[in-house]
Engineer: 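Could you have a look at this structure, given as structure tokens, before my questions?
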Amino acid sequence: MSSSEENVRLTVGEAELTVDPLHGCRISSLRIGGTELLRQGDRYGCFPMVPWCGRTGHGRFRNGGVLHELPLNSPPHAIHGTGRDTSWTPAYTAADLAEGRAAFYYDLAAPWPYEGRVTQTFELTGDSLTLGLAVETYGDSFPAQAGWHPWFRRNLGGEDARIAFEPAWQEERGADHLPTGKRIDPVPGPWDDCFGMPDGVDVKLTWPEQWELSVKSRSEWVVVYDEQDEAVCVEPQSGPPNGLNTAPRLVTPIDPLEMGAVWSWTRL
């Protein structure tokens, strides 16, 4: 366990996690038994999606009768929130690091129109990583979302990863890449799609004869993106894409938004 001005590293047994708080508090590396599981690069690793997940249609959302407009960082939409583009402040002790834990926060600011705080936590063991996100308001209530966007390497040097999950439905995706509001039976990939798992997210990645990794969350929403050769993304999130408009979850002074996920792995 160690920290520097740029990176924070947690090590427990064969597991080594590196967090880069200055560049979106993203996980820049997860090595298990010397094997890197995440695609490397400034845009990759695993970043938090907060205070919204996926695309917000045309960058617009309403809070009651007030219309807000966000920068179109993926025209014609706003995508993945502001947390990944911001520097986060450490909020842990040396004792936390020694026990495989770390926490960071940032204060919401423009272009997000409401004041509040986001906290992200990490807890590493030899065979799992527990992630947490919390969104609090300093005053006015507002809709928000939280989740993670990991880029798992498709190939670790053997066979490509296989993905297994049993969603109850798939959100039909329109030509504008937003859910149409219609739920359909899941269709074969490749995907850039949102799925519903009302009993909680439970997705398994298997690299045959190497590693098996599961992504679980009490949330019922997961986006799976596997249209690139290099990686497979399994993104648990607190609501569907464009959810600020279609399924708003209000953060209030007495009811913060809390989101969790657990990755666990086994050597095959």
Engineer: Testing the basics here: between L72 and P76, what is the closest heavy-atom pair and its distance to 0.1 Å?
Structural biologist: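 The answer is CD2-O, 3.6 Å.
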Engineer: Can a donor-acceptor pair be found, under 3.5 Å and without considering hydrogens, that links the side chain of S74 to the backbone of H77?
Structural biologist: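 A pair under 3.5 Å: no.
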Engineer: Taking the side chain as C-beta and beyond, is there a heavy-atom pair between N63 and P143 under 4.5 Å?
Structural biologist: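 Yes; the side chains approach each other to less than 4.5 Å.
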Engineer: Quick check on the hydrophobic clustering: are F47 and Y106 connected, directly or via other members, by side-chain heavy-atom contacts under 4.5 Å?
Structural biologist: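 Per the 4.5 Å side-chain linkage, F47 and Y106 are not co-clustered.
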Engineer: Examine L156 and Y44 and state if one hydrophobic cluster contains both, with Ile, Leu, Val, Met, Phe, Trp and Tyr joined whenever side-chain heavy atoms are less than 4.5 Å apart.
Structural biologist: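 No.
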Engineer: Can you tell me how far apart CG (L30) and OG1 (T35) are? Round to the nearest 0.5 Å.
Structural biologist: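 Answer rounded to 0.5 Å: 10.5 Å.
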Engineer: If only atom types and distance count, is the side chain of R101 paired as donor or acceptor with the main-chain N or O of A95 below 3.5 Å?
Structural biologist: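 The answer is no, because no donor-acceptor pair under 3.5 Å joins these two groups.
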Engineer: Please report the C-alpha distance between S238 and L257 in whole Å, then the side-chain angles of each, then the deciding distance to 0.1 Å, and finally whether the side chain to side chain contact (heavy atoms under 4.5 Å, CB included) criterion is met.
Structural biologist: CA-CA 9 Å; S238 64; L257 168 61; 4.1 Å; yes
Engineer: If only atom types and distance count, is the side chain of R173 paired as donor or acceptor with the main-chain N or O of D192 below 3.5 Å?
Structural biologist: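 The answer is yes, because a donor-acceptor pair under 3.5 Å joins these two groups.
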Engineer: Return the orientation label for the Y114 and F142 ring planes: parallel under 30°, perpendicular over 60°, tilted otherwise.
Structural biologist: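 The arrangement is parallel - the two ring planes meet at less than 30°.
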Engineer: Might you work through the side chain to side chain contact (heavy atoms under 4.5 Å, CB included) test for W265 and L129, ending with a clear yes or no?
Structural biologist: CA-CA 9 Å; W265 49 82; L129 171 63; 4.0 Å; yes
Engineer: Donor-acceptor check, side chain of T137 to backbone of G139, threshold 3.5 angstrom: yes or no?
Structural biologist: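 The answer is yes, because a donor-acceptor pair under 3.5 Å joins these two groups.
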Engineer: Going by heavy atoms in the side chains, are K204 and E212 under 4.5 Å from each other?
Structural biologist: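 Heavy-atom side-chain distance check passes, below 4.5 Å.
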Engineer: Below 4.5 Å, heavy atoms only, C-beta onward: do V8 and T18 meet side chain to side chain?
Structural biologist: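 V8 does not reach T18 side chain to side chain.
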Engineer: Heavy atoms only: give me the nearest I79-N73 pair and the separation to one decimal.
Structural biologist: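 Closest approach of I79 to N73: N-OD1, 2.7 Å.
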Engineer: Any idea which heavy atoms bring A15 and G126 closest together, and the distance?
Structural biologist: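 Where A15 meets G126 most closely, the heavy atoms are CB-O, 4.1 Å.
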Engineer: Tell me, do R84 and C25 make a side-chain contact under 4.5 Å, heavy atoms counted?
Structural biologist: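 They are not in contact (no side-chain heavy atoms under 4.5 Å apart), so the answer is no.
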Engineer: Atom NE2 of H80 and atom CD of E235: how far apart are they, to the nearest 0.5 Å?
Structural biologist: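 Interatomic distance, H80 NE2 to E235 CD, rounded to 0.5 Å: 6.0 Å.
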Engineer: Please check: side-chain N/O of Q228 versus main-chain N/O of E230, any donor-acceptor pairing under 3.5 Å?
Structural biologist: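 No; zero donor-acceptor contacts below 3.5 Å.
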Engineer: I would like to know whether I27 and L131 meet side chain to side chain contact (heavy atoms under 4.5 Å, CB included); could you show each step before the answer?
Structural biologist: CA-CA 11 Å; I27 301 171; L131 300 167; 4.1 Å; yes
Engineer: In terms of side-chain geometry, is the basic nitrogen of E172 or R183 positioned less than 4.0 Å from the acidic oxygen of its partner?
Structural biologist: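 Salt bridge absent between E172 and R183.
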Engineer: Treating Ile, Leu, Val, Met, Phe, Trp and Tyr as nodes and any side-chain heavy-atom pair under 4.5 angstrom as an edge, say whether I163 and W169 lie in one connected cluster.
Structural biologist: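 No.
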Engineer: Considering only NZ, NE, NH1 and NH2 on the basic side and carboxylate oxygens on the acidic side, decide whether D199 and R218 come within less than 4.0 Å.
Structural biologist: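 Salt bridge absent between D199 and R218.
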Engineer: Is it the case that S264 and S214 place a side-chain donor and acceptor less than 3.5 Å from each other?
Structural biologist: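 Indeed, the side chains of S264 and S214 share at least one donor-acceptor pair under 3.5 Å.
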Engineer: Check for a donor-acceptor pair, side chain of N155 on one end and backbone N or O of A161 on the other, with a separation under 3.5 Å.
Structural biologist: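 Checking the backbone N and O of A161 against the side chain of N155, no donor-acceptor pair under 3.5 Å is found.
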Engineer: Taking atom CG of L10 and atom CG of D96, what is their separation to the nearest 0.5 Å?
Structural biologist: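 It is 9.5 Å, given to the nearest 0.5 Å.
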Engineer: In Å and rounded to the nearest 0.5 Å, what is the OH to OG1 distance from Y105 to T119?
Structural biologist: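 So the OH of Y105 and the OG1 of T119 are separated by 9.0 Å.
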Engineer: Please check: side-chain N/O of E36 versus main-chain N/O of L38, any donor-acceptor pairing under 3.5 Å?
Structural biologist: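 Such a contact is found between E36 side chain and L38 backbone.
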Engineer: Report whether V135 and M259 are members of the same hydrophobic cluster (ILVMFWY, side-chain heavy atoms less than 4.5 Å apart, transitive linking).
Structural biologist: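 Shared cluster, yes.
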Engineer: Check whether any side-chain heavy atom of Q120 lies under 4.5 Å from a side-chain heavy atom of V118, and answer yes or no.
Structural biologist: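 Sidechains of V118 and Q120: no contact.
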Engineer: Step through it carefully: locate the ring centre of F152, locate the ring centre of W263, and say whether they are under 6.0 Å apart.
Structural biologist: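 Ring centres of W263 and F152 closer than 6.0 Å.
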Engineer: Between P236 and V222, which heavy-atom pair has the shortest distance, and what is it?
Structural biologist: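 Smallest heavy-atom distance, with atoms named: N-CG2, 4.0 Å.
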Engineer: Would you say R31's side chain and G34's backbone share a donor-acceptor pair under 3.5 angstrom?
Structural biologist: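 Between the backbone of G34 and the side chain of R31 there is a qualifying donor-acceptor contact (under 3.5 Å).
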Engineer: Is a side-chain donor or acceptor of W148 paired with a backbone partner of V234 at a separation under 3.5 angstrom?
Structural biologist: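 No, the answer is negative, given that no donor and acceptor are paired below the 3.5 Å cut-off.
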Engineer: Does any non-hydrogen side-chain atom of V223 lie less than 4.5 Å from one of P241?
Structural biologist: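 Counting from C-beta outward, P241 and V223 do come under 4.5 Å.
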Engineer: Got T180 and L178 here, is their nearest side-chain heavy-atom distance under 4.5 Å?
Structural biologist: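 Side-chain contact under 4.5 Å: no.
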Engineer: Between F165 and F195, what is the ring plane arrangement, given parallel below 30°, perpendicular above 60°, and tilted in between?
Structural biologist: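 Plane angle over 60°, so perpendicular.
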Engineer: What's the shortest heavy-atom distance between P21 and N7, and which atoms?
Structural biologist: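 Minimum heavy-atom separation between P21 and N7: CD-CA, 4.3 Å.
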Engineer: Measuring only between side-chain heavy atoms, which start at C-beta, is E227 closer than 4.5 Å to W191?
Structural biologist: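 E227 does not reach W191 side chain to side chain.
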Engineer: Would you sort out whether D20 and R26 count as a salt bridge (charged side-chain N to carboxylate O under 4.0 Å, His left out), showing the intermediate values?
Structural biologist: CA-CA 5 Å; D20 184 352; R26 74 180 58 224; over 6 Å; no
Engineer: Atom CH2 of W221 and atom CD of Q145: how far apart are they, to the nearest 0.5 Å?
Structural biologist: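 One finds 10.0 Å between CH2 of W221 and CD of Q145.
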Engineer: Over 60° means perpendicular and under 30° means parallel, so tell me whether W112 and W52 are parallel, tilted or perpendicular.
Structural biologist: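 Plane angle under 30°, so parallel.
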Engineer: Is there a path of hydrophobic side-chain contacts, each under 4.5 Å between heavy atoms of I/L/V/M/F/W/Y residues, joining M49 to Y225?
Structural biologist: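 The answer is yes; both residues are in one hydrophobic cluster.
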Engineer: For V224 and D193, what are the C-alpha separation, side-chain angles and deciding distance, and is it a side chain to side chain contact (heavy atoms under 4.5 Å, CB included)?
Structural biologist: CA-CA 6 Å; V224 177; D193 293 282; over 6 Å; no
Engineer: Describe, in one word, how the ring planes of F104 and F122 are oriented to each other, choosing from parallel (under 30°), tilted (30 to 60°) and perpendicular (over 60°).
Structural biologist: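 Because their plane-to-plane angle is over 60°, the rings of F104 and F122 count as perpendicular.
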Engineer: Verify, without hydrogens or angle tests, whether N245 (side chain) and T56 (backbone) share a donor-acceptor contact under 3.5 angstrom.
Structural biologist: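 Side chain of N245 to backbone of T56, a donor-acceptor pair under 3.5 Å: no, none is there.
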Engineer: Could you check whether E136 pairs with R117 (Lys NZ or Arg NE/NH1/NH2 to Asp/Glu carboxylate O, under 4.0 Å)?
Structural biologist: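 So E136 does not pair with R117 through a salt bridge.
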Engineer: Looking at H177, I'd like to know if its NE2 atom is crowded, meaning that more than 12 non-hydrogen atoms belonging to other residues, nucleotides or ligands lie closer than 6.0 Å.
Structural biologist: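 Enclosed.
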Engineer: I need the minimum non-hydrogen distance between P51 and L108, along with the two atoms involved.
Structural biologist: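 Shortest heavy-atom separation between P51 and L108 comes out as CG-CD2, 4.0 Å.
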Engineer: Any side-chain donor paired with an acceptor under 3.5 Å for D107 and Y138?
Structural biologist: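 There is such a pair between these side chains.
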Engineer: Do E159 and R162 meet the salt-bridge criterion of a basic N to acidic O distance under 4.0 Å?
Structural biologist: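 Looking at R162 and E159, the cut-off is met.
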Engineer: Salt-bridged, E14 to R267, with N to O below 4.0 Å?
Structural biologist: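 Salt bridge flag = yes for R267 with E14.
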Engineer: What's the spacing between C194 SG and R55 CZ if we round to 0.5 Å?
Structural biologist: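 C194 SG to R55 CZ: 12.0 Å, rounded to 0.5 Å.
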